[in-house]
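Encoded as structure tokens, here's the structure I'll be asking about.
The basis for the numbers below is simple: all heavy atoms, side chains too, and nothing from hydrogens, waters or symmetry mates. Along the sequence shown, the residues carry numbers beginning at 1.
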Amino acid sequence: MSDTHCSLHGEKLLLFCEHDKEPLCLVCQTSKKHRNHSVCPVEQAALDLKEELKPALNLIKEKLKRFTEVEQECKKTAEHIKSQAQHTERQIKAEFEKLHQFLQEEEEARLAALREEEEQKSQIMKEKIENITGHISTLTDKIAAIEKAMDNEDTSFLQSYKNIKERAQCTLQDPELLSGALIDVAKHLGNLKFRVWEKMLEMVQYTPVVLDPNTARVTLSLSDDLTTVRHTGREQKYPDNPERFKPCVDVLGSEGFTSGTHSWEVKVGNKSAWTIGVVKESISRKGNITCDPKRGFWVLMLRNGNEYRASGAADLTMRIKPQSIRVQLDYDRGEVSFFDSSDMSVIYTFKDTFTERVFPYFSPYLKKDKNEGPLQICLVKISVKVTLNQ
């Protein structure tokens, strides 16, 4: 039977029961079940109910759109993960190749030094042996001649005695073994790994803070060693993950702090605008940002080439334009201080109370005019100190 006819009475479904939300035929309307229910024509009911469903349908469509967008973002993220892994693998291999090259060259140099010492001392010993061998030959001949003369008949022996006695004179000094003739094994093997590692420090670089590329605005370019950030103005195909800043051209350090004292130095050069300092982990990373300690920003800013300001504070007057700034965080005392690295004069100190993890913060700042040049986290000189346990 057609869907447009009643399954009980075979009549055409012309009405709609608003109470039971089902279509009825004229016979159904008069039945006991629907006798007191409000009914309306199916055409009107269909129009009304379709209109009623539109908001819910629109919500589902919005939900579908959001899921589709997130799906695309997840696919982009999956591709970026592969790209990140490949790039990071190349960098790891390149860094280890440098270490392998260093170790290979160091091994060759130390083996060459060993061979050189072996050659020198072998030559000395060869000359010593040749000299002794010559003396042995001379003494052997002398002994043979004297013994032969002594075997002669007495008269002959006595006639040649003076010559024999003279020949029997020996003024040679007793031979001595050479001191220091052996290979200086201790020099070549003593603390070998430590000495190589100590020398390796000359090629090892260390910065107290490195940048987190997963937080960087897509127009920022980070160096391979994650110590330099530059604004390029060109968007890169990075996923819009929750940690990433957008649209502000900012990037955070990779490690946050919840205690202790930490410091790092940032080379700002002659840039006309930048922002550096410390921010709390929970700051908003999407949309426009207002730098203020009340919002979790303890930062120093430069604008227009000579306008310095501590966030949420008055303008600062600088005697000279610093080329590098030292940022010092004392989490436990609630202080963030900024120094001119050239003479370590204090530029400004924030005093506050930290209640969550805080991160180093960097912004090369976007300007309509040129603001070229990167922000660079300066290297720290590494030294080795050996402490003997008593």
(request) Would you kindly say whether Asp225 and Thr227 are connected by a side-chain donor-acceptor distance under 3.5 Å? (result)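 Looking only at side-chain atoms, Thr227 and Asp225 do form a donor-acceptor pair, the distance falling under 3.5 Å.
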
(message) For Phe350 and Tyr348, take the angle between the two ring planes, folded into 0 to 90°, and tell me which bin it lands in: parallel under 30, tilted 30 to 60, perpendicular over 60.
(response)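 It falls in the perpendicular class, over 60°.
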
(message) Checking the side chain of Asn131 only, and the main-chain atoms of Glu127 only, is there a donor and an acceptor separated by less than 3.5 Å?
(response)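 Looks like no, no N/O pair under 3.5 Å.
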
(request) Would you kindly confirm whether Phe339 and Leu302 end up in one hydrophobic cluster when ILVMFWY residues are joined by side chain heavy atoms under 4.5 Å apart? (result)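 No: no chain of side-chain contacts under 4.5 Å links Phe339 to Leu302.
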
(request) Mind telling me whether His262 and Phe257 have parallel, tilted or perpendicular rings, with 30° and 60° as the class edges? (result)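 It falls in the parallel class, under 30°.
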
(message) Measuring from atom NZ of Lys246 to atom NZ of Lys286, what distance do you get when rounded to the nearest 0.5 angstrom?
(response)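 Rounded to the nearest 0.5 Å, the NZ-NZ separation comes to 7.0 Å.
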
(request) Measure the spacing between NZ of Lys98 and NZ of Lys93 and express it to the nearest 0.5 Å. (result)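 Reported value, rounded in 0.5 Å steps: 15.5 Å.
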
(request) Using the rule that two of Ile, Leu, Val, Met, Phe, Trp, Tyr join whenever any of their side-chain heavy atoms come within less than 4.5 Å, decide whether Val251 and Val218 are in one cluster. (result)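 In one cluster with Val251: Val218, no.
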
(message) Looking at Glu198 and Arg195, is there a salt bridge between them, counting it only when a charged N and a carboxylate O are closer than 4.0 Å?
(response)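 Counted as a salt bridge, because a side-chain N and a carboxylate O are separated by less than 4.0 Å.
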
(request) May I ask you to say whether Glu106 pairs ionically with Arg110, meaning some side-chain N is under 4.0 Å from a carboxylate O? (result)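 Salt bridge flag = yes for Arg110 with Glu106.
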
(request) Could I get the full list of side-chain contact (heavy atoms from CB on, under 4.5 Å) partners for Leu114, not counting sequence neighbours? (result)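 Scan of Leu114 (side-chain contact (heavy atoms from CB on, under 4.5 Å), adjacent residues dropped) gives Ile183, His188.
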
(request) Mind checking the OG1-CZ spacing from Thr275 to Phe362? Nearest 0.5 Å is all I need. (result)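 Separation between the atoms: 12.0 Å.
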
(request) Check whether any side-chain N or O of Glu73 sits under 3.5 Å from a backbone N or O of Asn241 as a donor-acceptor pair, and report yes or no. (result)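 Judged by distance alone, no pair lies under 3.5 Å.
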
(message) Is the shortest side-chain heavy-atom distance between Met200 and Leu103 below 4.5 Å?
(response)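 Result yes, sub-4.5 Å side-chain heavy-atom pair found.
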
(request) Applying side chain to side chain donor-acceptor pair (under 3.5 Å), run through Thr155 and Glu153 and close with a yes or a no. (result) CA-CA 6 Å; Thr155 304; Glu153 188 269 332; 3.2 Å; yes

(request) To the nearest 0.5 Å, tell me how far Asp343 CG sits from Ile320 CD1. (result)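 Going from the CG atom of Asp343 to the CD1 atom of Ile320 covers 6.0 Å.
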
(message) With heavy-atom distances below 4.5 Å as the criterion, would you say the side chains of Lys121 and Leu182 are in contact?
(response)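 Lys121 does not reach Leu182 side chain to side chain.
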
(request) Determine whether Pro364 and Lys271 make a side-chain contact, defined as any pair of heavy atoms from C-beta on separated by less than 4.5 Å. (result)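 Answer yes - side chains close enough.
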
(message) For the CG atom of Leu379 and the OH atom of Tyr206, what is their distance to the nearest 0.5 Å?
(response)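 These two atoms lie 11.5 Å from each other.
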
(message) Thr140 and side-chain contact (heavy atoms from CB on, under 4.5 Å): which single residue from Thr138, Ile143, Ile136 fits?
(response)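 Only match with Thr140 under side-chain contact (heavy atoms from CB on, under 4.5 Å): Ile136.
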
(request) Report yes if some heavy atom in the side chain of Pro242 is under 4.5 Å from a heavy atom in the side chain of Arg285; otherwise report no. (result)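 No - every pair of side-chain heavy atoms lies 4.5 Å or more apart.
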
(message) With clusters defined by side-chain heavy atoms of hydrophobic residues (ILVMFWY) lying less than 4.5 Å apart, directly or transitively, does Leu47 cluster with Leu53?
(response)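 They do not share one cluster, since no chain of ILVMFWY contacts under 4.5 Å joins Leu53 to Leu47.
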
